[in-house]
Amino acid sequence: MALSRVCWARSAVWGSAVTPGHFVTRRLQLGRSGLAWGAPRSSKLHLSPKADVKNLMSYVVTKTKAINGKYHRFLGRHFPRFYVLYTIFMKGLQMLWADAKKARRIKTNMWKHNIKFHQLPYREMEHLRQKALSRAMLLTSYLP
């Protein structure tokens, strides 16, 4: 038994991958007096702070997606009409957000490189024109 304790202490201190059986582990945990008698530390404890933040963020994102999926299934089962309206609204909101980000990126690029509107590539010019047109369309209902 003493030999197994020495081997286990050595593996705990130096991080050996060899682990003792269940009986030896339980005996050592009951009679341990310091850190050397415990189980080897997890490799997660040796990660850099940046990796810990990444793990935490991925955990939060995963849990959020799971909860969001449950919410969507609940709405689809119990309130199908509202769910259709909700999904249309959310898709529209996502598209509006993506368009706003793209327009902001184009305008920032124009400002950075001192580019005029007529010097833009056709797609970018058309994208900015559509955003300006939509603003004018919202105002035209109030004008007359």
Side-chain angles (χ1 to χ4, degrees), residues 4-5 7-144:
S4 66
R5 283 188 180 185
C7 290
W8 177 242
R10 182 179 290 168
S11 68
V13 170
W14 288 306
S16 174
V18 178
T19 58
H22 177 72
F23 178 73
V24 175
T25 304
R26 294 305 281 154
R27 291 288 302 253
L28 289 176
Q29 285 178 351
L30 291 175
R32 71 176 166 183
S33 61
L35 183 62
W37 296 111
R41 288 191 171 184
S42 172
S43 63
K44 288 185 179 180
L45 296 176
H46 301 291
L47 296 175
S48 67
K50 194 173 199 177
D52 288 342
V53 170
K54 284 183 182 179
N55 285 341
L56 179 64
M57 288 300 293
S58 67
Y59 175 78
V60 169
V61 167
T62 303
K63 287 297 182 183
T64 304
K65 284 183 181 180
I67 291 170
N68 200 16
K70 286 181 182 179
Y71 178 65
H72 278 267
R73 285 190 299 277
F74 173 78
L75 284 180
R77 268 187 270 128
H78 296 286
F79 306 102
R81 286 181 173 173
F82 175 75
Y83 181 67
V84 170
L85 184 65
Y86 171 77
T87 53
I88 290 172
F89 176 75
M90 290 306 288
K91 296 266 186 203
L93 199 60
Q94 287 173 353
M95 290 170 59
L96 178 68
W97 183 255
D99 282 347
K101 280 175 46 177
K102 186 173 181 181
R104 184 174 181 198
R105 183 188 54 81
I106 292 170
K107 287 183 179 183
T108 304
N109 194 23
M110 285 175 60
W111 181 78
K112 237 188 251 183
H113 299 292
N114 199 18
I115 298 174
K116 303 294 181 206
F117 183 75
H118 65 279
Q119 295 172 328
L120 287 173
Y122 179 76
R123 287 184 183 212
E124 291 180 355
M125 189 184 318
E126 187 66 22
H127 185 79
L128 288 180
R129 186 188 65 79
Q130 286 176 1
K131 294 299 102 194
L133 181 64
S134 66
R135 266 190 261 136
M137 294 283 285
L138 291 174
L139 289 176
T140 53
S141 61
Y142 295 112
L143 290 177

Do you know which two heavy atoms are closest between M125 and L120, and how far apart they sit? CE-O, 3.6 Å
Tell me, do V84 and I88 make a side-chain contact under 4.5 Å, heavy atoms counted? yes
Check against side-chain contact (heavy atoms from CB on, under 4.5 Å), Q119 and E124: CA-CA 10 Å; Q119 295 172 328; E124 291 180 355; over 6 Å; no
Does a side-chain heavy-atom distance below 4.5 Å link K70 with R73? yes
NE2-OG1 distance between H113 and T108, expressed to the nearest 0.5 angstrom: 10.0 Å
Would you call the rings of H72 and Y86 parallel, tilted or perpendicular, taking 30° and 60° as the class edges? tilted
Non-hydrogen side-chain atoms of R77 and Y83 separated by less than 4.5 Å: no
Considering only NZ, NE, NH1 and NH2 on the basic side and carboxylate oxygens on the acidic side, decide whether R129 and E126 come within less than 4.0 Å. yes
Of all the heavy-atom pairs spanning N109 and I115, show the shortest one and how long it is. O-CD1, 4.5 Å
Is F117 atom CZ crowded by more than 12 heavy atoms from other residues, nucleotides or ligands, each under 6.0 Å away? yes
Between H127 (side chain) and D99 (backbone), is there a donor-acceptor pair under 3.5 Å? yes
Which atom pair, heavy atoms only, marks the closest approach of S58 to N55? OG-O, 2.9 Å
